[in-house]
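A quick write-up on the structure given underneath.
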Amino acid sequence: ESSAASDVYKRQGFTDRMLRDLLARLATLRVESAPLDGVPALDASDALWVEPELVGEVEFANWTPDGVLRHSRWRGLRPDKTPAEVVVEA
């Protein structure tokens, strides 16, 4: 992995160990097609899809008008929550 890519992930809240652990967990959940509807074609074109079984927490500045998180930063997995418990917060 390049140093520049590693620096980007670190600024977004990831450590190298967190990335390795998360990628290993996501690999077991991999599926061929999107498990949800409405993903913009540009975003979907190079996406790798997983079953929605893990819950992660991010902090962010605000939402863009089209519903994208602005200035997001990874906080970590939330093993105390299920996907059914997740709500969109302002």
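This is a predicted model, so every value here is computed, not measured.
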Contacts of Asp43 that satisfy side chain to side chain donor-acceptor pair (under 3.5 Å) - sequence neighbours left out:
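With sequence neighbours excluded, Asp43 shows a side chain to side chain donor-acceptor pair (under 3.5 Å) to no residue whatsoever.
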
Just verifying a value: how many Å separate Arg70 CZ and Thr64 OG1, rounded to the nearest 0.5 Å?
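If I round to the nearest 0.5 Å, the distance is 6.0 Å.
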
Would you say the side chain of Trp63 lies within less than 4.5 Å of the side chain of Val68, judging by non-hydrogen atoms?
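No; the side chains remain at least 4.5 Å from each other.
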
With the side chain counted from C-beta on, respond yes when Leu54 and Leu26 share a heavy-atom pair under 4.5 Å apart, and no when they do not.
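A side-chain contact exists here, since the closest heavy-atom pair is under 4.5 Å.
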
Only pairs at least two apart or in different chains count here, so list each side-chain hydrogen bond (donor to acceptor under 3.5 Å, both in side chains) that has a residue in residues 18-31.
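Found none.
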
Residues clustered with Leu48, ILVMFWY side-chain links under 4.5 angstrom:
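Besides Leu48, the cluster holds no residue at all.
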
To which residues is Val39 joined in a hydrophobic cluster, defined by side-chain heavy-atom contacts under 4.5 Å among Ile, Leu, Val, Met, Phe, Trp and Tyr, whether direct or through other members?
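Members other than Val39 - counting any ILVMFWY side chain reachable under 4.5 Å - are Val31, Leu36, Trp49.
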
Any residue meeting side chain to side chain contact (heavy atoms under 4.5 Å, CB included) with Arg78, in chain and number order, not counting sequence neighbours
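Counting only residues at least two positions away or on another chain, Arg78 forms a side chain to side chain contact (heavy atoms under 4.5 Å, CB included) with Val55, Glu57, Asp80, Lys81.
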
Minimum heavy-atom separation for Pro52 and Pro83, please, with both atom names.
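Scanning both residues, the minimum pair turns out to be O-CG, 3.1 Å.
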
For the CG atom on Asp37, are there more than 12 heavy atoms of other groups (residues, nucleotides or ligands in this structure) within a distance under 6.0 Å?
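No, because the 6.0 Å sphere around CG of Asp37 holds 12 heavy atoms or fewer from other groups.
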
Looking at Leu69, is its backbone amide N or carbonyl O close enough to the side chain of Ser72 to form a donor-acceptor pair, meaning the two atoms are under 3.5 Å apart?
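Pair absent, no side-chain N/O of Ser72 close to backbone of Leu69.
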
Can you name the residues that form a salt bridge (Lys or Arg N to Asp or Glu O under 4.0 Å) with Glu59, not counting sequence neighbours?
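Glu59 satisfies salt bridge (Lys or Arg N to Asp or Glu O under 4.0 Å) with Arg73, Arg75 once adjacent residues are dropped.
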
